[in-house]
Amino acid sequence: MTKHPLTSLLAEHLNHIDQRSSHLKKIINREDIHDLRVEIKRMRAILRLLYFFQPNWSYRKSYAPFRNLFQSAGILRELQLQNLMLNHIPDVSSCFQSIYRGRTLEKQIAAWTHLFGLLQYAKLPSGKRLIEAADQVFQCCKDSDFDRYFATKAKEVHNYLIGGLESPTENLHSLRKALKDYNNNRLNLHLALQYDPGVLPWLPKDTFKIDHILGDWNDYQTALMHLDQDKVEKWAKPFVAEFDALRIYWHNCAEALLRQLYDQFQKKSTKNKIIYLYSS
C-alpha cells in the first residue's frame with residue numbers, strides 16, 4: 001500500500017532530525033540547533049494530529065526521547081540567545097558585562113555537554129514504528145476529519161486569546177503553543193495534501209507574524225528568568241544596580257512587543273479580544 005502523503009512527510013521530518021543530530025555530533029552551531037528544533041516541532045505537530053485521531057495511541061511515550069532532545073537543545077539556544085542579547089543592553093559597567101558574559105558562556109558549555117551526551121547515547125524511537133502507526137490512522141482520514149481537528153485547535157486558540165486562564169503570562173505562553181500547532185499543521189497539511197484550513201477569521205491575516213512576535217516576547221521572558229536566577233548567585237551581589245537596570249530594559253522590550261501584538265489586533269478590529277492580555 002502506498003504511504004499516505006502525510007505519513008511520507010512525517011518520515012521526511014524524522015530523516016531531517018536524524019541528519020541534524022548527526023551534524024551536531026560533530027560541531028555545535030546555532031543554525032543546526034535551530035533547524036533541529038524546527039523539524040522536531042513540525043514532527044511533533046503531526047504526532048499530535050495522530051494523537052487527536054487516536055487518543056489511545058501512546059503519544060507521550062513515543063515523543064519523550066524527542067522531547068528530551070528538544071528541551072536540551074532549547075536550553076543551549078536560550079543561553080546562546082541571551083549572550084547575543086547582551087550585545088544590546090543599556091549602559092552598564094564593562095566589569096558587569098564581562099563577568100556576566102563569562103558566566104553565560106560557562107552555562108553554555110554545561111548545556112552543550114548535556115546535549116552532546118544525548119546526541120551520542122540517547123536512542124530515538126524507531127522511525128519505522130512511528131510511520132506504521134501514523135499510516136494506519138491517516139489512511140482512514142478524510143478532509144472532514146482534518147476540518148474537525150482545525151476547528152478544535154481554533155477554539156483552543158480563541159479561548160486563550162480572550163483570557164481563558166487566570167494568569168495572563170501563562171495565557172500568552174499557551175496561546176503561542178496552540179497557535180504554533182495550528183500553523184505547523186496548516187503547513188504540514190498544505191505540503192502533504194494541498195489542504196489549507198486558512199487563517200483564523202478573528203486573527204490578523206498574517207498569523208505567522210503574530211507567532212513571530214510571541215516568539216520574540218517569549219525570548220525576553222526566558223532571558224528575564226535566567227537573569228533572576230543569576231541575580232541570587234554570590235558573584236552577582238556587587239552588581240544589584242546593573243541587574244535591576246538590565247531587568248527593566250528587557251521588561252520594557254517585552255512590553256513593546258505586547259504593544260506591537262495589540263496593534264496587530266487593533267487593525268483586525270478585535271480590540272475586545274486582546275485587551276485582557278495586554279492590559280495585564
Side-chain angles (χ1 to χ4, degrees), residues 1-24 30-55 57 59 62-63 65-67 69-70 73-74 77 124-158 175-216 218:
M1 180 185 295
T2 303
K3 286 190 181 72
H4 189 277
L6 197 52
T7 310
S8 298
L9 185 60
L10 172 60
E12 187 177 324
H13 288 319
L14 289 168
N15 184 52
H16 287 164
I17 290 170
D18 185 64
Q19 290 177 357
R20 295 301 178 189
S21 298
S22 297
H23 290 169
L24 287 168
R30 284 198 302 273
E31 292 75 17
D32 278 335
I33 289 175
H34 172 73
D35 290 344
L36 174 66
R37 283 170 53 82
V38 168
E39 289 297 336
I40 291 178
K41 287 176 185 177
R42 290 185 59 194
M43 181 274 298
R44 179 182 64 191
I46 296 179
L47 296 187
R48 287 177 176 172
L49 183 63
L50 171 62
Y51 184 56
F52 177 82
F53 293 133
Q54 188 60 262
W57 177 66
Y59 164 78
S62 296
Y63 177 64
F66 294 103
R67 183 185 63 239
L69 185 60
F70 181 79
R77 178 192 172 278
L124 296 177
S126 169
K128 183 179 179 181
R129 289 188 178 182
L130 279 178
I131 290 168
E132 288 176 351
D135 205 47
Q136 289 179 10
V137 174
F138 292 142
Q139 289 286 357
C140 301
C141 288
K142 301 176 182 178
D143 282 358
S144 58
D145 296 311
F146 297 123
D147 291 341
R148 182 165 56 89
Y149 165 80
F150 282 106
T152 301
K153 187 57 64 175
K155 183 177 180 181
E156 182 182 347
V157 171
H158 183 263
L175 170 64
R176 175 174 172 261
K177 291 177 182 179
L179 186 58
K180 188 171 291 293
D181 262 1
Y182 186 97
N183 283 334
N184 277 332
N185 269 330
R186 182 185 173 198
L187 179 59
N188 284 330
L189 268 291
H190 175 71
L191 290 173
L193 299 171
Q194 294 298 301
Y195 169 99
D196 187 357
V199 298
L200 298 168
W202 26 264
L203 285 181
K205 186 175 181 180
D206 189 356
T207 57
F208 290 96
K209 183 175 183 179
I210 299 299
D211 191 37
H212 181 72
I213 294 173
L214 283 168
D216 288 346
N218 182 70

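Quick note: numbers below take in every heavy atom, side chains included, and nothing from hydrogens, waters or symmetry partners.
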Check the pair L130 / L47 against side chain to side chain contact (heavy atoms under 4.5 Å, CB included), numbers first and verdict last.
CA-CA 9 Å; L130 279 178; L47 296 187; 4.2 Å; yes

Would V137 and L49 count as a side chain to side chain contact (heavy atoms under 4.5 Å, CB included) if you check the C-alpha gap in whole Å, the side-chain angles of each, and the deciding distance to 0.1 Å?
CA-CA 10 Å; V137 174; L49 183 63; over 6 Å; no

Please check if atom CZ in R30 has more than 12 non-hydrogen atoms from other residues, nucleotides or ligands closer than 6.0 Å.
no

When rounded to the nearest 0.5 angstrom, what is the spacing between CG in N185 and CZ in F150?
5.0 Å

Going from OH on Y195 to CG on D143, what distance comes out if it is rounded to the nearest 0.5 angstrom?
6.5 Å

List the atom of P5, the atom of A192, and the distance in Å for their closest heavy-atom pair.
CB-O, 3.1 Å

Is the shortest side-chain N to carboxylate O distance from R20 to D35 below 4.0 Å?
yes

How many angstroms lie between atom NE2 of H16 and atom CE of M43, to the nearest 0.5 angstrom?
13.0 Å

Side chains of L50 and Y59, heavy atoms from C-beta outward: is any pair under 4.5 Å?
no

Report yes if the side chains of P197 and D147 come closer than 4.5 Å at any heavy-atom pair, otherwise no.
no

Presence of salt bridge, K153 and E156, under 4.0 angstrom:
yes

Can you tell me how far apart CG (N15) and CG (L10) are? Round to the nearest 0.5 Å.
11.0 Å

From NZ (K155) to CG (L200), nearest 0.5 Å:
14.5 Å

Taking everything shown except K41 itself, do over 12 heavy atoms lie less than 6.0 Å from its NZ?
yes

Using the rule given for side-chain hydrogen bond (donor to acceptor under 3.5 Å, both in side chains), can you reason through E39 versus H13, listing the C-alpha separation, both sets of side-chain angles and the distance that settles it, and then say yes or no?
CA-CA 6 Å; E39 289 297 336; H13 288 319; 2.8 Å; yes

Pair R42-L191, side chain to side chain contact (heavy atoms under 4.5 Å, CB included): steps then yes or no
CA-CA 12 Å; R42 290 185 59 194; L191 290 173; 3.1 Å; yes

Might you work through the side chain to side chain contact (heavy atoms under 4.5 Å, CB included) test for D196 and L189, ending with a clear yes or no?
CA-CA 7 Å; D196 187 357; L189 268 291; over 6 Å; no

So, do W57 and Q136 sit near enough that their side-chain heavy atoms are less than 4.5 Å apart?
no

Less than 6.0 Å separating the ring centroids of Y63 and F70?
no

May I ask you to decide if N184's main-chain N or O and N188's side chain share a donor-acceptor pair within less than 3.5 Å?
yes

Does the side-chain hydrogen bond (donor to acceptor under 3.5 Å, both in side chains) test come out yes or no for Y149 and D181, once each step is laid out?
CA-CA 11 Å; Y149 165 80; D181 262 1; 4.9 Å; no

Spatial distance of atom CD1 (I40) from atom CD1 (I17) [nearest 0.5 Å]:
5.0 Å

Is a donor on one side and an acceptor on the other found under 3.5 Å between the side chain of D135 and the backbone of E132?
no

Distance-minimising heavy-atom pair for L69 and S21:
CD2-OG, 3.9 Å

Whether the side chain of T7 engages the backbone of K3 through a donor-acceptor N/O pair (distance < 3.5 Å, no angle test) should be reported.
no

Does the pair F53 and F146 meet the rule for a ring-ring contact (aromatic ring centres under 6.0 Å, His included), with working shown?
CA-CA 9 Å; F53 293 133; F146 297 123; 5.7 Å; yes

